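Everything numeric in this text was worked out from a predicted model, so none of it was measured. Throughout, protein chains are lettered first and strands after them, A, B, ... in sequence-line order, and every chain is numbered starting at 1.
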Protein chains: 2
Amino acid sequence: MSALYDCWLRYDTNADSLNKEILAENLASVSVENGDKITASAVEEIERFCKALGLPAPQKVESGATLRLVAGLAAVEHKDGYVIEKSSHGFMVAGESSTGLLYGVFNLLQGLSLGKTPEECCKMDYPRNEIRMINQWDNGDGDIERGYAGRSIFFKDYKFMEDLSRIKDYARILASVGINAISINNVNVHFHETKFITPEYLPMVKRYNDVFNSYGITMYMCVNFAAPIQLGGIDVSDPLDERVRAWWKEAAKTIYEAVPNFGGFLVKADSEGRPGPFTYGRNHADGSNMLAEAVGPYGGLVIWRCFVYNCNQDWRDRKTDRARAAYDHFMPLDGKFADNVILQIKNGPMDFQIREAVSPLLGAMPNTNQILEFEVTQEYTGQQRHLCYLIPLWKEVLDFDTYAKGEGSYVKKMCDGSLHSPKHAGLAAVSNIGDDECWTGSPLAQANLYGYGRLCWNADLTAEEIAKEWVGLTLSTNKAVLDVMLPMMMTSRRTYENYTSPLGVGWMVTPSVHYGPSVDGYEYDRWGTYHFADWKGIGVDRTVATGTGYTSQYAEPNASTYENLDTCPDDLLLFFHHVDYTYKLKSGKTLIQHIYDTHFEGVETVKGYIRDWATLENMIQPDIFALVKERLGIQLENAREWRDIVNTYFYRHTGIPDANGRKIYP
Amino acid sequence: MSALYDCWLRYDTNADSLNKEILAENLASVSVENGDKITASAVEEIERFCKALGLPAPQKVESGATLRLVAGLAAVEHKDGYVIEKSSHGFMVAGESSTGLLYGVFNLLQGLSLGKTPEECCKMDYPRNEIRMINQWDNGDGDIERGYAGRSIFFKDYKFMEDLSRIKDYARILASVGINAISINNVNVHFHETKFITPEYLPMVKRYNDVFNSYGITMYMCVNFAAPIQLGGIDVSDPLDERVRAWWKEAAKTIYEAVPNFGGFLVKADSEGRPGPFTYGRNHADGSNMLAEAVGPYGGLVIWRCFVYNCNQDWRDRKTDRARAAYDHFMPLDGKFADNVILQIKNGPMDFQIREAVSPLLGAMPNTNQILEFEVTQEYTGQQRHLCYLIPLWKEVLDFDTYAKGEGSYVKKMCDGSLHSPKHAGLAAVSNIGDDECWTGSPLAQANLYGYGRLCWNADLTAEEIAKEWVGLTLSTNKAVLDVMLPMMMTSRRTYENYTSPLGVGWMVTPSVHYGPSVDGYEYDRWGTYHFADWKGIGVDRTVATGTGYTSQYAEPNASTYENLDTCPDDLLLFFHHVDYTYKLKSGKTLIQHIYDTHFEGVETVKGYIRDWATLENMIQPDIFALVKERLGIQLENAREWRDIVNTYFYRHTGIPDANGRKIYP
């Protein structure tokens, strides 16, 4: 289609530097063993690669192919793993399954397009995490909740799209980085979308499902906990009511008859106004187990979100702490969930801020299936107008040692199942795509989707490695390009943090839209999101000693590290403590001076990004260059607004001038 | 219909205490001299009165009637004046015109329903102001901009209503207090509404027009300055472009052919994103005169709003002052406007705040037609959930001495034309009605519409007199009711001010909706609406000496009074000056203590309203009682929120505790 549209599957990004003769030779013919729909997708992708590079289409042969594709090779031990080999018998990609084969083919094609020789592409690899999921927050009307990349590619006017070509391309994009599960509709299931699981819509559900299946992706849907009321005409949706249980069983039967390999349900219940078991005095285990009972006979899963908190809080109340909510609600239920229920837990206890503590619930439930939830869509992180490469943030979470089972109890070990050996484990993340030509608003935001997939595959990959892969595939393998892009991407999260809310305190955004500075925007609101800034200090006291007691939710030594002002890391200082503006950080600066310095610095860094980006003008594809240039311009304008408003806000509270005499508006 | 619906035209409010025999006797028969559609409306109203009170319908006779209605009686000197007389020849209501007669009949019926004897109703009266206008801000889709009383009674789904019965009742309501002009669509004329002046809609425009005409009301419409582009296919709407001038002339011709006595246009141009002459380097005289030229031949008027300011201001810029804008834009154009152009000027220089200075443009243009604009709809004054009787606020404006022509140059003399003898003068106001059963959200908000009409009639009426009339007509003439209502109504504006933004500084509301506290809501926004609160002080320095120089727009001695901190009234202190929280007010209190005291006091007063209202339970109509009770409950809840957020905001800035030790949340 276009460089913007093709993302990291352009294949011709570095066409000039590839040895096309060798490529043509190795891809002259292809054979398939144990073929199915998924292997057909793999062959199609090879053809796409050849076309992009102007190579002849590979001949499909029965034997003697220059490239053998083998699905179901028992020698590949790991689920959906693959091996790429070159021997005297020729070139071979083999998968433990056809999905594994597909992953191998994507990896081979990407390697070749990066300029590797076929020999250099040889490897054995496999996905380390079982569930590697993407959540769409697409509404039936085509609007995407927290979407910053256009309209839905799934729905329009409460109908499913008839033309599935873009959905197929999305499936390719996801499979190319190993994603194997998707939920297609918003977790906030409104009136119309509640009907998506009824016979009226199931033929289209099946068509979508088949597209994803042919790329090794299992499809899920979000359901409305109150569906028995709306659709079933029952007066309750009490999970212990026999009529309700019968209704869900019948609903599941209907779905699975129409869509036999349907994945199951993703559920947001008792959260931000959504219905749930609390209405009937039941708990989350009651609610999720009921659904699990309905889909269980068909191998279905129920993924239940832990984003549950009191969203009608009174700002006057300094004891209630939203950060405590998920742990307080779910910890007591450990071991009470069915085998096919999985709890989905956001990376932080608040809501995807640019910096917050790691959720203490992660890894804390040894007898419960848990998956980690990230947000690829940049809700609080610049809405895809700002460059914010999120992989470093996610790496911090994955590498966080929970001490749940002593030292080395990293979150990533919860995700790969090695911490507690649950029945199911993995990761999920909210998608950042829409019908924009480049899918993600800014081409640079593609890197977050790419990187999320790569971390799902292997959380030990470094943020730099992932950035380097993505830049090579999407922009160029030219060293000059990488020399610009790597520092830009790797510093971008810190930069965004610098000019927005400081030291883990979060929020300070315009309510509802979550974009642009409004320091007191949520300060007196009902959402439990406060910073408590006054003339003397700022921050949320979450200590056991004098605050909300949230620190006690962590295993030791984390609990003490955070509880104690001396050991609490600067980066999370205001998340855990309320301190004076004159408090000296570990960096040696006062808090107020840190705020001023980071805000000035953040803007200067963005100016540097703009200068650096300009140097790439003739080195990368022009459409990508132009679109990113425009986005960086917006980022700079926004960053200035953040800097000035935040600095003025604190100056107006304290009267303390900048030690370096820079301009703070009075 | 119902007590809620009938407003102050219930007639049976005090039915038990009326002498029905005397009423029946005096209204036994009615005759009309010089009858027309308007006198027919008068007769109909008498019939309605009789029906409401269970009296026999008056007989229509040619002569010898117990009640003679005479239109066009030359002996009544003043335009649309009337006389009510009782002599040996019988009872007579005579008008200078049929409209005057209608006003006389309404006055008579209201007097009788208040329990006056026919003799006590005898009087001579006339409207002091020429233009007595209501502006509807109704959109074609049925939404009302800044409407707090339901949907539009004029439009639905971009169509005019086919059933005109409610519009007729609205015309009755307006005529009963002497309103003689109405504009029916929003001053923000959007895409669809631009077409309302085209032949497609003119038959319905005519029907609406005829309804209003039969109550002596002239109908106007708001037009889109860019209509020649949208409707005419011309590439500009430059007022000096001959094609544009020709287009408007043709448009006016079409309108007046369909609706011969159409009033003219009301225009919001170059304001808050609306198109206007600035685009073409023209000024407001160029723009309005062009339209005036088009409607002039038909006797039409062009009413041009002066609400023009830079709405893309930078909060960092402390010199630009929105308050200056109207004066700066329009003063230089004095004498340049056509005879049939009228400038409509808001009462204050900002935007209908609970307290702001009087606009210095009022009365300042001796060679220009000017009318004063009030806002009956309670945009910034509690949105008809809060009781806020606005007549005292409006009286302050009308009684304000501008000194434009020396002492005694009251704004009300600008309105009645006696200050500068312009061709046209008067008042306009934004309506507060919608399709709610009670028209105005809360029955108590009816009093503002009533009072606006009464002030248009005679600005020398006191707020107490008007309140007393309204209470008697709508609730009861029972002294116990009045003893509750008068203090409630008369203190309500001060009460609302007490718990909201202090001492004229304004704003502090949630952006866009303009309801509920958000102290910094507009502080860093583009609207030019700032309070500049910091750790030391608050307020806008509008002095010549050190501020924006706004005070110089007033004639002396007002300019000096406001310029000088010692003479500036406390109530407007923060509108004109930035002062320290420890500054001593003329009341003897510090500023910060004043803020705390008023906010505590405001809430206590509302509690008192609730107690007092409860005492009326069996003295007034139950539907009215119940609805107001509910609204007062909301008001108390909101007032508490205001109190706590504002007090906490200032406590957090200053660290100064309440001198009386009351609870301020930290």
Contact list (residues 597-607 of chain A to chain B, heavy-atom gap under 4.5 Å, by number) returns none
For A:D157, the side chain to side chain donor-acceptor pair (under 3.5 Å) test, sequence neighbours excluded, returns none
Among residues 639-662 of chain A, residues within the sub-4.5 Å heavy-atom range of chain B, in order of number, are A:R640, A:E641, A:D644, A:I645, A:T648, A:Y649, A:Y651, A:R652, A:H653, A:T654, A:G655
Value for CG (B:D534) from CH2 (A:W535), rounded to nearest 0.5 Å, stands at 15.0 Å
Among residues 508-520 of chain A, residues within the sub-4.5 Å heavy-atom range of chain B, in order of number, are A:D520
Tell me, yes or no, whether the heavy-atom count around A:K156 atom NZ, taken from other residues, nucleotides or ligands under 6.0 Å, exceeds 12. no
Answer yes or no: are there more than 12 heavy-atom neighbours, outside A:K663 itself, under 6.0 Å from its atom NZ?
yes
Task: Main-chain N/O of A:P666 paired to B:R316 side chain as donor or acceptor, under 3.5 Å - done: no
- Query: Do other residues, nucleotides or ligands put more than 12 heavy atoms under 6.0 Å from B:E637 CD?
  - Reply: no
